[in-house]
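Taking it in order: structure first as structure tokens, then the write-up.
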Amino acid sequence: MEIPKTYDPKLTEDKWYAHWMKHKFFKSTPDEREPYTIVIPPPNVTGVLHMGHMLNNTIQDVLIRRARMLGKNACWVPGTDHASIATEAKVVALLKEKGINKTDLSREDFLKHAWEWKNKYGGIILKQLEKLGASCDWDRTRFTMEDDLSDAVIDVFIDLYNKGQIYRGVRMVNWDPQGLTAVSDEEVIHKEVNSKLYYVKYKIEGHTPNPSQEGNVEDEWITIATTRPETILGDTAVCVHPDDERYKHLKGKRVIIPMVNRSVPVIFDTYIDLTFGTGALKVTPAHDINDYNLGVKHNLEVIDTIAANGKMSEAAGFYIGEDRFAVRKKIAKDLEEMGQLVKVEDIKNKVGYSERTDAVIEPKLSMQWFLKMDNISKPALENVLNGEIKLIPEKFVNTYKHWMENVHDWCISRQLWWGQQIPAWYDDKGNTVVAKTHSEALEKYKIKYPTSNVQQLKQDEDVLDTWFSSWLWPISVFDGFKNPDGADINYYYPTNDLVTAPEILFFWVARMIISGYEYRGKKPFSNVYLTGIVRDKQGRKMSKSLGNSPDPIELIEKYGADGVRVGMLLCSPAGNDLPFDESLCEQGRNFSNKIWNAFRLINGWEVDNNAKQGDANKIAIEWFDAKFNEQLEIINDLYSKYRMSEVLMTTYKLVWDDFCAWYLEMIKPEFVDGKSLPIDKETYDATINFFEKLLKVLHPWMPFITEEIWHLIGKRNEKECIIVEEWPKTRNVNTEIVKHFETVMEVITNIRNSRKQKNISPKEKLQLFEKVNQGEIIKTYDAIISKLCNLSSFEYVNQKVEGAFSFVLKHAEYFIPLSQNIDKDAEKERLTKDLDYNKGFLNSVQIKLSNEKFMANAKPEMIANEKKKQADAEAKIKAIEEQLTSLN
RNA sequence: GGGAGCUUAGCUCAGCUGGUUCAGAGCAUCUGCCUUACAAGCAGAGGGUCACUGGUUCGAACCCAGUAGCUCCCA
């Protein structure tokens with residue numbers, strides 16, 4: 001069979017994925033093994049796979065595949081999130097294209113459209129994950145709005161309401177005038193923008209001469225600074241700092257709001273920043289959270305001048321029905337005409353935008369449902385601080401702590417239809433009961449309001465925040481609410497690792513921890529691995545709107561899933577951003593090819609059952625065995641610390657450098673008369689064994705190519721797949737040999753370097769002489785040096801070899817006689833450079849050793865080591881000096 | 001305004017308890033090779049004042065203080 005020179009992922013990926021599915025290798029059911037569980041961060045059901053998902057899910061797949069190989073019962077639960085705002089926005093837009101307005105539809109009809117849309121497009125992202133190789137247990141696929149999960153959400157709402165944790169009230173919320181819904185604090189993105197700061201003067205009621213304002217007898221004014229003059233119409237006070245000398249005389253005074261001519265009090269509060277603007281603040285309790293708080297404190301009137309759609313309301317009195325931003329310009333002009341606009345400055349300030357619609361958030365008072373966070377969040381804080389739940393990297397603990405200590409009540413209602421409708425029922429007077437169904441509600445109502453004869457209650461129109469369902473995810477996917485003592489929940493919960501983006505640490509992770517302790521009394525997971533954000537080369541976050549995100553599926557087609565997986569993970573330390581560049585995938589693809597060709601080489605060998613194993617092969621095997629074990633220990637350790645990209649890099653070097661570049665070159669049969677000599681069976685078997693172990697270590701990262709080669713390299717039946725093979729075990733090996741080999745490699749590199757410098761073809765055989773100056777002569781590795789350097793002879797001498805090219809190592813000098821003449825000046829220059837370096841080095845060591853304080857304070861092994869360094873350097877200097885004299 | 005973090009080679013990053021020839025890796029670059037597994041490759045080489053200033057120490061990329069720049073989170 002002809003094996004192609006390059007690895008073609010297209011021929012293997014779909015084949016093996018189907019094969020794994022057919023044999024249910026991803027499937028998990030509780031058994032006696034130790035479980036290893038990951039629940040997927042459910043992507044938005046509307047979403048398509050982007051680079052962030054790729055990174056995330058590759059890491060999860062690596063962890064799952066390794067756990068499976070470690071003999072654990074690996075269970076990766078997939079699913080999607082109904083994403084109320086995002087999905088509803090998409091459906092609304094789609095309907096609009098068809099000429100249908102959401103407002104013209106009944107709730108039922110709208111939801112019908114939405115479900116239709118979900119059923120048609122909702123599965124795309126999961127299909128895409130298959131392309132990546134994700135080994136999820138697809139039989140467990142869940143959706144946050146499916147019946148069981150919705151039931152759990154409603155039950156939890158009712159339970160928390162009954163516990164007094166949920167309340168309804170008028171609060172200042174972040175209002176999205178485009179999405180026409182409240183959004184949570186976490187869904188507001190603050191961006192710095194260029195704004196204008198308007199200085200507007202308000203007339204002070206009555207006539208009060210002010211000594212500091214000469215000539216202003218008739219009227220007195222106070223100037224305030226604001227970036228939002230359109231809210232002036234809703235002002236109900238002006239606030240200054242009690243210590244501000246400029247305004248002390250205004251105690252008890254009132255000012256007149258321009259345009260509306262409303263008389264409002266001047267209030268005093270230490271909240272005011274004396275240095276900002278004029279030190280006087282207009283107070284609009286309806287449209288600013290801080291003003292709202294001042295309003296509560298000082299008992300101010302609240303005038304809501306901006307309607308839900310961002311246009312001025314009746315209450316504004318002016319500009320009714322006009323957009324808030326248009327009014328901002330208009331009112332500035334009108335104030336100027338009235339002579340009350342003092343000046344306008346350009347400033348930079350932060351403005352909140354809706355994460356989902358990118359509309360400028362309008363702080364707005366509205367009736368919403370809230371979850372009290374102060375008590376319920378306590379175990380979640382505690383158990384992260386005490387390490388019961390680990391955040392990786394650890395630096396996020398600080399951020400987490402800060403957030404959890406300043407947590408606000410969670411606004412859980414959303415003015416949408418797509419989602420779980422709030423199970424609260426009202427009569428026409430606003431009396432409320434909370435119950436799952438109308439009949440249950442009615443029963444409760446009758447008990448609560450026995451005198452009323454109302455027969456029909458109206459359910460709350462709003463739905464719950466999406467996170468109010470996804471915070472139950474690790475419990476609900478195992479039916480922990482429906483069946484709290486079920487086999488699944490008892491076996492899989494708490495899960496092991498959660499892999500997600502730091503952006504949703506509070507949105508999601510913290511809340512899952514909260515619900516985990518509230519409903520299971522246990523953490524939902526032990527480790528949270530926080531990935532970075534995938535950015536483009538210019539450091540911009542990859543996003544659809546910027547169009548700077550490559551299509552992952554196209555990347556997979558171009559470089560293979562394995563190549564893309566490797567590319568993404570090569571440089572993505574936990575918690576650090578990943579500056580993505582397609583060339584990384586190229587590196588991944590090249591690595592696939594390297595592995596493929598190692599396979600081709602080994603596969604092409606003819607095995608001679610009778611041939612005797614040579615010494616070189618024997619020692620090479622011994623070395624690689626030791627090297628592999630050493631590196632596997634490092635890899636296992638790095639895994640335990642979740643240093644994923646370091647695991648990958650270590651594996652990469654082990655395969656490419658140690659196995660391909662060194663080991664295979666050492667044992668590769670010679671080529672004679674246009675034919676490769678056969679290889680002895682012992683070496684062949686050992687090599688296959690090594691290669692298989694390497695494939696196993698590679699498998700979590702590169703599942704497809706490893707499975708393909710696994711089946712090509714040995715006779716295996718359908719079920720004997722690498723995906724379910726056992727992770728290689730480490731054992732005690734000869735570590736001495738690894739150290740010896742470092743010297744061997746140094747010798748080889750030096751000889752190759754000499755060839756290069758002297759322009760000698762690798763085909764030309766060389767003689768090598770070694771003069772050992774220190775320690776015993778070890779001839780064990782000579783055969784390997786001879787082979788890799790193409791030597792004709794390798795002899796030991798006691799004397800220098802005249803007229804030969806030479807180099808000096810710690811323990812010995814090496815001579816390569818050359819047919820051509822030695823360039824003495826060049827040699828001298830090279831040796832002098834080397835000599836200077838070693839003398840400098842010796843000097844620094846000697847300074848240390850002659851330092852009394854060092855000798856008194858340093859650890860004994862440190863001193864011994866310095867002494868050894870001194871002896872080595874002295875020996876080397878001596879050898880170099882002798883060579884220099886012999887050149888003269 | 002409050003908080004957290006970062007600054008090491010052209011790029012992306014390691015560097016653990018201060019001490020091994022500790023200044024590293026991968027990529028990129030340069031040079032020579034189409035050497036019968038792989039040019040998506042092989043061999044070799046050159047790149048750094050560890051942001052800056054001071055301090056602690058026998059010894060600092062590492063600890064401390066200050067300065068500058070950058071990033072993120074919260075208000």
Side-chain angles (χ1 to χ4, degrees), chain A residues 3-7 185-186 188 190 273 275-276 289-290 350 352 393 395-403 405-406 408 502-503 505-506 533 537 539 559 563 567 570-573 575-581 583-584 586-605 638 641 643 645-646 648-650 652-653 656-657 660-661 664-665 668 671 674-676 748-757 759-763 788 790 810 837-838 841 844-845 847-859 861-866 868-869 872-873 876:
Chain A
I3 299 165
K5 242 169 120 170
T6 49
Y7 169 66
D185 289 346
E186 289 73 30
V188 179
H190 296 272
D273 176 0
T275 60
F276 184 80
I289 181 66
N290 297 309
K350 295 252 180 109
K395 67 176 177 184
F396 285 108
V397 173
N398 287 330
T399 324
Y400 181 88
K401 178 170 178 260
H402 190 251
W403 189 78
E405 282 173 349
N406 298 287
H408 300 282
E503 302 154 295
L505 185 57
F506 311 122
I533 297 166
K537 269 194 233 172
Y559 300 103
L570 266 175
C571 67
S572 60
N576 269 14
D577 287 357
L578 166 66
F580 182 78
D581 186 339
S583 68
L584 291 166
E586 214 171 295
Q587 197 184 342
R589 178 205 56 185
N590 293 355
F591 188 40
S592 303
N593 208 42
K594 187 73 192 175
I595 299 164
W596 184 248
N597 277 290
F599 157 68
R600 283 180 66 224
L601 174 69
I602 296 167
N603 191 58
W605 286 337
L638 290 170
K641 292 171 180 150
R643 294 173 169 241
S645 57
E646 285 177 63
L648 179 56
M649 185 47 72
T650 309
Y652 179 91
K653 286 194 278 188
W656 198 309
D657 298 342
C660 293
L664 288 179
E665 291 301 325
K668 193 155 99 178
F671 222 81
K675 234 190 124 207
S676 170
I748 293 168
T749 304
N750 266 289
I751 297 169
R752 284 172 174 169
N753 192 11
S754 308
R755 261 187 204 279
K756 174 97 205 263
Q757 280 177 26
N759 258 321
I760 303 165
S761 151
K763 283 175 185 161
L788 293 191
N790 196 20
K810 240 186 292 190
Y837 171 80
N838 279 285
F841 176 69
S844 72
V845 173
I847 286 172
K848 235 184 226 184
L849 285 171
S850 59
N851 183 331
E852 280 171 33
K853 285 188 174 170
F854 172 76
M855 297 304 279
N857 293 320
K859 285 180 222 144
E861 55 268 31
M862 182 62 59
I863 293 172
N865 191 43
E866 290 298 315
K868 184 169 183 304
K869 275 153 72 177
D872 286 351
K876 198 163 175 188

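Within every chain, numbering begins at 1; the chains are lettered A, B, ... in the order of the sequence lines, protein sequences first and strands thereafter.
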Quiz item: What is the per-nucleotide protein-contact pattern of nucleotides 55-65 of chain B, from the 5' end, where B denotes a base atom under 4.0 Å from a protein heavy atom, S denotes such proximity for sugar-phosphate atoms only, and - denotes neither?
Solution: ---B-------
How long is the straight-line distance from [atom2] of [Y] back to [atom1] of [X], given to the nearest 0.5 Å?
X	Y	atom1	atom2	answer
A:R755	A:N790	CZ	CG	5.5 Å
A:L601	A:K668	CG	NZ	6.0 Å
A:F854	A:E866	CZ	CD	4.5 Å
A:K594	A:D657	NZ	CG	9.0 Å

Quiz item: Looking at A:K868 and A:D872, does any basic side-chain N land under 4.0 Å from a carboxylate oxygen?
Solution: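 A salt bridge is present here (some side-chain N lies under 4.0 Å from a carboxylate O).
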Is there, by distance only and without an angle test, a donor paired with an acceptor across the side chain of [X] and the base of [N] below 3.5 Å?
X	N	result
A:E665	B:A37	yes
A:K594	B:C38	yes
A:R589	B:A40	yes

Quiz item: Can you say whether the rings of A:Y7 and A:W596 are parallel (under 30°), tilted (30 to 60°) or perpendicular (over 60°)?
Solution: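 Taking A:W596 first and then A:Y7, their aromatic rings sit tilted (interplane angle of 30° to 60°).
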Practice problem: Check the angle between the aromatic planes of A:W403 and A:F506 and answer parallel, tilted or perpendicular using the 30° and 60° thresholds. | Solution: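 A:W403 vs A:F506 ring planes: parallel.
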Exercise. Could you tell me whether B:G15 is syn or anti, where syn means a glycosidic angle within 90 degrees of zero?
Key: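 In terms of base orientation relative to the sugar, B:G15 is anti.
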Taking only the [atom1] atom of each, what is the distance from [N] to [M] in whole angstrom?
N	M	atom1	value
B:U17	B:G5	C1'	22 Å
B:C63	B:U57	C1'	10 Å
B:A25	B:C50	C1'	16 Å
B:G69	B:G24	C1'	26 Å
B:U67	B:A9	P	25 Å
B:C22	B:C70	P	36 Å
B:C34	B:A43	P	16 Å
B:C13	B:U8	P	10 Å

Counting any heavy atom closer than 4.0 Å, what does [X] reach on the DNA or RNA strands: base, sugar-phosphate only, or nothing?
X	value
A:R755	nothing
A:Y652	sugar-phosphate
A:N750	nothing
A:N865	sugar-phosphate
A:A873	nothing
A:W656	sugar-phosphate

Quiz item: Any donor-acceptor pair under 3.5 Å linking the side chain of A:N838 with the backbone of A:A873?
Solution: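 No, A:N838 side chain to A:A873 backbone: no donor-acceptor pair under 3.5 Å.
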Quiz item: Counting only N and O atoms by type, is there a donor-acceptor contact under 3.5 Å from the side chain of A:N753 to the main-chain atoms of A:T749?
Solution: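 No.
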Quiz prompt | Distance below 4.0 Å between A:N597 side-chain N/O and B:A40 OP1 or OP2 | solution =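 False: A:N597 side-chain N/O out of range (4.0 Å or more) of B:A40 OP1/OP2.
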Self-check item: Side-chain N,O (A:K668) to OP1/OP2 (B:A37) below 4.0 Å
Solution: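 Yes.
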Selection from [options] that lies nearest to any side-chain heavy atom of [X]:
X	options	value
A:M649	B:G3, B:G26, B:G15	B:G26
A:K5	B:G15, B:C38, B:A75	B:C38
A:T749	B:G44, B:A37, B:A14	B:G44
A:K395	B:G5, B:U20, B:G32	B:G5
A:R752	B:A40, B:C27, B:A43	B:A43
A:N398	B:G5, B:A37, B:G41	B:G5
A:F506	B:C73, B:G26, B:C38	B:C73
A:A598	B:A37, B:G2, B:A45	B:A37
A:K653	B:G26, B:C38, B:U35	B:G26
A:T6	B:A37, B:U36, B:A40	B:A40

Exercise. Might you point out which heavy atoms bring A:L570 and A:L648 nearest each other, and give the distance in Å?
Key: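 What the structure gives for the nearest pair is N-CD2, 3.7 Å.
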Exercise. Using a 3.5 Å limit on both pairing distances, list the dot-bracket string of RNA chain B from the 5' end; Watson-Crick and G-U wobble pairs count, crossing pairs take [ ], interstrand pairs take |.
Key: (((((((..((((.....[....)))).(((((.......))))).....(((((..]....)))))))))))).
Self-check item: Steps toward side-chain hydrogen bond (donor to acceptor under 3.5 Å, both in side chains) verdict (A:N597, A:R600)
Solution: CA-CA 5 Å; A:N597 277 290; A:R600 283 180 66 224; 2.6 Å; yes
